[in-house]
Amino acid sequence: MPELDAVAMEEGLIQTWGEEDTFQQSIEQRRGKKPFIFLEGPPTANGKPGIHHVVARTYKDLVCRWKAMEGFLVERKGGWDTHGLPVEIEVQKRLDLMSNPDIIEFGMEKFNDECRNSVWTYEDAWRKMTERMAFWVDLDNPYITLQDNYIESCWWALGEMFNKGLLFKGHKVLPFCPQTGTSYSSHEVALGYKEVEEPSVYVKFKLQNDDASVLAWTTTPWTLPGNVGLAVGPDVDYIKIKVNADSENWDGRGGAEIGEEMILAKDLFKGVIRHHCDIISEYKGSELVGMEYEPLFPGAVERGDSTTAWTIIEADWVTTTDGTGVVHTAVMYGEDDYNLGMAVGLPAQHTVGMDGSFLTGTHSELDGKYVKDCDDIIINLLSTEGKLYREKMYVHDYPHCWRTGHPLLYYAMDSWFVKMTAVKEKLLEFNDRVEWAPDWVGEGRFGEWLRNVKDWAISRERFWGTPLPVWVCVDCKHQHCISSKDELQTMMTSDSEMPKELHRPYVDNVKLNCPQCGENMEREAFVMDCWFDSGCAFFAQWHHPFDGGEALANSFPVDYICEGVDQTRGWFYTLLAVSTTVFDSPAYKRCLSLGLILDKEGKKMSKSKGNVIDPWDHFNREGADASRWYMVSAGAPWSPMKFDPNGVRETYARFFLTMWNIYRFHADYAALDNFDPEQSSVEERSLLDRWILSKTNAIAHEFHELLVSWDIHKAARVLEDFVVDDLSNWYVRRSRRRLWDENESSDKASCQHTLHEVLTVVSRLVAPISPFMVDQIHRNLNGTSVHLAEWPLNDDGASLPKRDEVLEARMSLVRQLAEMGRKIRVDAKRRQRLPCAEGWIVGGPDLSEMHTLLSEELNVEKISLEEDLDRFQKVEIQPNRKALGKKVRQELPQVLQALDELDDHEATLADIQAGRMSIAGFTITEDDVVVRRVERMGYSAMTIEVGENEVMIDVSIVLDMSIDDALLSKGLAREIIRRIQSKRKELDLEMESTIELDIWLSEECPELVEYDWEHVKAETRARTATLHEGEGPSNVDFFEVDGANISFKVN
RNA sequence: GGGCGGGUAGCUUAGGUUGGUUGGAGCACCCGGCUGAUAACCGGGAGGUCGCAGGUUCAAAUCCUGCCUCGCCCA
């Protein structure tokens, strides 16, 4: 058996899987079985795959593999997300196209071609990563969001929403750059914050039926012509002041006459008003509501049918942290403003065009000018009209265009919405049906989001995406939403052509005949939010409803999705949004939400920080098995994971190497003995075998239960501990001698069968998480791939070996006693190789069957059960704090101290039993104390408490530390054996080859008796052996024990 | 500002719902031991204000309140 090269083994298996098409087989062999539907959240292949993608794909894969082994039909269709802003930005950067007009000039067709190509930049890298990490998914027949079929399904879904009256056109206030003609996502906005100093103004709004003015503050004077309302907090306190004297130090324009009256928030008045004045009355904000004021720029905005325009209105978000407690409201230039305006019916009219300059008719001095150049003009206008109280320079962070550096304007853009607020109750109800892991993401984070659901703005003023299939009549404004290619064909005008594909600019050229008036209809020039695309994945992947009706019927709602927690408001939401509005159903039954991946310092991984981990570093070093196992066992799936590269190394060394060596131990001897599990059978298993088989049963059940409850990390840890601690460090360690036996023995066969069985079960349990090494092991043991095998729990564990809990408990005790024995030896400075003559177990259950195990482990000649408890043990009384605390409460410290000061525990126990014991006025009963039997001083011994709950027993182990010649001889033999064995290993001898041995014992050596010498010869496979007295020649190996020199030579 | 989650040894973490003996592991470090499956393993040592401050209690890592801090999402 060659040394382990995990990477080579994994690469070899990938090839094997490719050749025998194991993935396809694993599906085909379960054809006809109940399906388990996994939906792949489509990645975008225009970014390089990173370690976080490996994490997500591991969780996706392991659940699918597990379910497949459970007997489900688990088809796994791949998918690619190919639309969206990041794609366009990438291309824009490369081609230096700064703005939408630039793109149009460059040519939309060419631009979209570039986008289409750019989408596949890293497809190969994704494929390689996917294959190398063994994520089994069908990448040869994936769904792709840019394909016409996919788009047609999305159109159909939008058509359904339109027909249900859920689609409407409104405005959305977005950060907008007039220079590039582009609105920005929050991500892009974050790129361009700059600290700037700008004029802010306190403006007097003269009331209609009152002498006073209301004072409002704004940092964007250019929005003042658009003012149509003043917002106050209903519970905020406001005051009316009257100027009674001039200000002593005035800076800049503006001012106030003596006798002038102004209204503002009480809390802010001191910081705002520079004049001497009297407070003449106080109001709650709610009392001001409804008061009318004079428009600042008459005629800039048409009143229309609004009854609330230029009045005071209430808004609960108004605070007194800055300004005047009165918020100037220009409906089209702020999100709060817009929402408030819609709620109370303010006119929604622009005063600024999309080029960033004032519209004609705003004001003669402003019309046609770029708004940011008008601050000064506006301030002057206000000042000369007596409408300015103060100006003040203001420093703040303001978002700027990350390309041009110009300030962004918050601007109400035309936008199409899905009326999610209309289906809020449904969303909540459907969400309740989803099994979330962890549950708090569903109830908390996601539930919170749904309870505050907003209408979904689904249109984007972009080029590369699913075109919005809404056409509007140029004449009668009738709207129509196209639901299919056929419908498009039927409705388009005779001079339109069917688009060559369902993208811009081709669809833009199609005109429809208006069913209302017969005029032409033109498409609304938007593309859809790419989240809409992916939200349609569960049916669009089958081209529903045009094809694959059956595929959908069998696969909806899907059983399982799994993505990062950042998808809560992304994909998790859009799937539910689409399924609720279109299908009146949840989209998925189970959702595993994964934590973010951080570097080992807990920082987010990002290219700029340079702390991104390349998965290939680990694939090529420890392999994909260790990488996957590490990621899964490092913490709960939903916890943020600090990725420590060293952890992968540890996982490899501790778990995989150990597992491989267990396998190799079995395989080496199986090969020597021509072991065949089919041919031979075994009547009776030894105690050790029955124990590890019982543990295997227990661990398989536990592992399964933990997977079911999504505690995947705990499952992995439990299994790892079993393999390392139970299987390797106890079962195999204590079984080595059994397989060394060269004769056929039933005990050896029992051991081989046991290892074969246990390794088979372990392989199957590990397979979903780390699919490589265990497949190799399973193939070698059973001749078939583990991925085609049955899950060990499929028959509720009936095929697993028998459980024997009594045996498990006893073995657990023996192992604890072994540990104690080793500790005793260290304390007594007794070398492990020097045997002890005798050992005693005091108390506890009958472990006589296991005495041999223990004596071998502890190198004790003989272990026996000591019946006379008092020989090595004494009674000790300890407080039962729980019982005593309830009884004596605050007297507990005294009682504890009194108990601690007892010296004759034996007598005290008698008193307690007789009811004669009392402390601080409390009678101490047997329930108040724990009676323990612990080792007596002066013995090399240790005691442990074993049992459960009520029945606790003390068990001690005692070792005899005396030395005699027989022991010394045995110890010497063992020293010699160990040196020669390591020499054999050093010489790289075959296990079965024999040697010629010479030993020289110096005078100081204890006598090596004949029996032990024979033992040396047998153990070291010495063909000839000679024992010399005195110092050995200088050219041979030599070592020292207890001051005596021993030399030896191996040929 | 709001919601959710975290903060335990140098590092990674268990425990926390049910308050009760000395807060468990692994890695790394030191000492010792063992070894013909093992790159391992076993025993010991050192390393902890269980984020901080209050509170409840005879008793708090655990329950309560406030704060600090990190992460994500939202505003």
Side-chain angles (χ1 to χ4, degrees), chain A residues 1 3-4 186 317 319 321 335-336 438 440-441 443-449 451-452 564-566 568-570 595-596 598 600-604 630 633-636 638-644 646-647 649-654 656-669 713-714 717 720-721 724-725 728-730 732-733 735-736 739-740 818-827 829-833 857 859 878-896 930 932 945 974 977-978 980-985 989-992 1019-1021:
Chain A
M1 191 69 53
E3 288 296 304
L4 176 62
S186 59
W317 42 261
T319 64
T321 48
E335 194 174 353
D336 283 340
W440 49 260
V441 167
E443 287 156 20
R445 180 182 280 224
F446 197 50
E448 195 62 27
W449 165 256
R451 279 186 284 278
N452 298 313
V565 70
D566 52 324
T568 312
R569 270 97 164 159
L596 287 191
L598 310 168
K600 66 177 197 295
E601 323 242 285
K603 301 248 167 54
K604 197 173 169 176
Y630 165 70
S633 61
W638 43 84
S639 309
M641 179 182 28
K642 292 184 194 170
F643 191 97
D644 182 3
N646 201 35
R649 182 85 214 158
E650 263 176 47
T651 297
Y652 174 75
R654 178 176 145 89
F656 288 95
L657 212 46
T658 304
M659 186 158 63
W660 185 249
N661 282 314
I662 294 168
Y663 163 68
R664 213 166 65 156
F665 173 70
H666 169 266
D668 283 350
Y669 288 100
H713 58 306
K714 292 185 184 170
R717 288 171 185 176
E720 179 175 330
D721 287 346
V724 173
D725 283 347
S728 176
N729 287 336
W730 191 251
V732 171
R733 187 148 57 95
S735 292
R736 275 177 301 189
L739 292 197
W740 294 351
E819 194 172 310
M820 288 152 61
R822 285 190 290 257
K823 196 168 172 176
I824 295 168
R825 290 190 78 113
V826 170
D827 288 346
K829 296 191 170 27
R830 180 87 166 202
R831 286 202 315 276
Q832 179 70 19
R833 285 188 216 102
E857 178 70 17
N859 196 12
Q878 292 172 351
N880 178 345
R881 284 159 197 264
K882 202 163 187 168
L884 273 173
K886 278 210 177 93
K887 184 169 181 174
V888 313
R889 295 274 158 195
Q890 58 270 43
E891 310 299 331
L892 188 67
Q894 286 177 42
V895 176
L896 289 181
V930 176
R932 300 207 48 199
E945 198 178 15
R974 227 175 131 165
I977 291 166
R978 133 111 177 101
I980 293 164
Q981 301 292 40
S982 75
K983 188 71 191 175
R984 283 184 63 116
K985 201 172 178 182
L989 295 181
E990 292 297 317
M991 252 183 293
E992 60 270 44
E1019 284 287 304
T1020 59
R1021 290 174 176 268

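Convention: sequence-line order gives letters A, B, ...; per-chain numbering from 1.
- Rounded to a whole Å, the CG atom of Asp721(A) is 13 Å from the C1' atom of rU13(B).
- Listed nucleotides rU13(B), rU38(B), rC34(B) differ in distance to Arg831(A); the shortest reach to its side chain belongs to rC34(B).
- Distances shown here put a side-chain N or O of Arg833(A) below 4.0 Å from the OP1 or OP2 atom of rU35(B).
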Step-by-step salt bridge (charged side-chain N to carboxylate O under 4.0 Å, His left out) determination, Arg649(A) to Asp644(A):
CA-CA 9 Å; Arg649(A) 182 85 214 158; Asp644(A) 182 3; over 6 Å; no
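- Taking atom P on both rU8(B) and rG66(B), the two are 22 Å apart, rounded to the nearest angstrom.
- Between the P atoms of rC11(B) and rU57(B), the separation comes to 36 Å (whole Å).
- Rounded to the nearest Å, the gap between the P atom of rG26(B) and that of rG44(B) is 10 Å.
- OP1 and OP2 of rG32(B) both lie 4.0 Å or more from every side-chain N or O belonging to Arg825(A).
- Two residues are said to be in side-chain contact when any heavy atoms from C-beta on lie closer than 4.5 Å; Thr651(A) and Phe656(A) meet this criterion.
- In this structure, Phe446(A) places its CZ atom 17 Å from P of rG5(B), rounding to the nearest Å.
- Distance, Arg736(A) CZ to rA37(B) P: 5 Å, rounded to whole Å.
- When the nearest nucleotides of RNA chain B are assigned to Arg649(A) and His713(A) by heavy-atom distance, the more 5′-ward of the two goes with His713(A).
- Going from atom CD of Glu720(A) over to atom P of rA40(B) covers 14 Å, rounded to whole Å.
- In the set rC42(B), rA37(B), rU35(B), the nucleotide with an atom closest to the side chain of Tyr669(A) is rA37(B).
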Between protein and nucleic acid, restricted to nucleotides 17-27 of chain B and to nitrogen or oxygen atoms under 3.5 Å apart, what atom pairs and distances do you find?
| from | atom 1 | to | atom 2 | distance (Å) |
| --- | --- | --- | --- | --- |
| rC27(B) | O4' | Glu650(A) | OE2 | 3.2 |
| rC27(B) | O2' | Glu650(A) | OE2 | 3.1 |

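- Nucleotides rG48(B) and rC4(B) place their C1' atoms 29 Å apart, quoted to the nearest Å.
- Listed candidates were rC41(B), rC72(B), rA40(B). Nearest to the side chain of Asn729(A) is rC41(B).
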Verify side chain to side chain contact (heavy atoms under 4.5 Å, CB included) between Trp730(A) and Asp725(A), making sure each step is shown before the conclusion.
CA-CA 7 Å; Trp730(A) 191 251; Asp725(A) 283 347; over 6 Å; no
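- Listed nucleotides: rU12(B), rU35(B), rG3(B). Nearest to the side chain of Glu448(A): rG3(B).
- The nearest whole Å value for the distance from the CZ atom in Arg822(A) to the P atom in rU35(B) is 13 Å.
- Among the nucleotides rC42(B), rA40(B), rA14(B), the one closest to the side chain of Arg717(A) is rA14(B).
- When heavy atoms are screened at a 4.0 angstrom cut-off, Arg830(A) is found touching no nucleic acid atom at all.
- Nucleotides rC27(B) and rU17(B) are separated by 31 Å at their C1' atoms, to the nearest Å.
- Of the candidates rA37(B), rG43(B), rA39(B), the closest approach to any side-chain atom of Val732(A) belongs to rA37(B).
- Stem analysis of RNA chain B (at least three stacked-register Watson-Crick or G-U pairs, each with both distances under 3.5 Å) gives B:1-7 with B:68-74, B:10-13 with B:24-27, B:29-33 with B:41-45, B:51-55 with B:63-67.
- Listed candidates were rC34(B), rG43(B), rC72(B). Nearest to the side chain of Lys823(A) is rG43(B).
- Taking atom CG on Asn452(A) and atom P on rC73(B), their separation rounds to 17 Å, with Å as the unit.
- Looking at heavy-atom distances under 4.0 Å, Glu335(A) makes no contact with the nucleic acid at all.
- Proximity of Phe643(A) to Tyr630(A): side-chain heavy atoms (C-beta onward) are separated by under 4.5 Å at one or more points.
- Atoms CE (Met641(A)) and P (rC72(B)) sit 16 Å apart, rounded to a whole Å.
- For rA37(B), its base sits under 3.5 Å from the side chain of Ser728(A) at one donor and acceptor pair at least.
- Counting only heavy atoms from C-beta outward, the side chains of Phe665(A) and Arg736(A) approach each other to under 4.5 Å.
- Comparing the C1' positions of rA9(B) and rG47(B) gives a spacing of 6 Å, expressed to the nearest Å.
- Straight-line distance between the P atoms of rC68(B) and rC31(B): roughly 46 Å, to the nearest whole Å.
- For Arg717(A), the salt bridge (Lys or Arg N to Asp or Glu O under 4.0 Å) test picks out no residue, with sequence neighbours left out.
- Here Ser639(A) lies out of heavy-atom contact (under 4.0 Å) with every strand.
- Toward the 5′ end of RNA chain B lies the nearest nucleotide of Gln832(A), the other residue of the pair Ile824(A) and Gln832(A) mapping further downstream.
- When each of rG71(B), rU35(B), rA37(B) is scored by its nearest atom to the side-chain atoms of Ile662(A), the top-ranked nucleotide is rA37(B).
- The same atom, C1', is picked in rC52(B) and in rG7(B); the two are 11 Å apart, to the nearest Å.
- In this structure, CH2 of Trp440(A) is placed 13 Å from P of rC73(B), rounded to the nearest angstrom.
- Considering only side-chain N and O atoms, Lys714(A) lies under 4.0 angstrom from the phosphate OP1 or OP2 of rG15(B).
- Annotation: side chain of Pro438(A) is in contact with side chain of Val441(A) (closest heavy-atom distance under 4.5 Å).
- With hydrogens and angles disregarded, a donor-acceptor distance shorter than 3.5 Å links the side chain of Arg825(A) to the backbone of Arg831(A).
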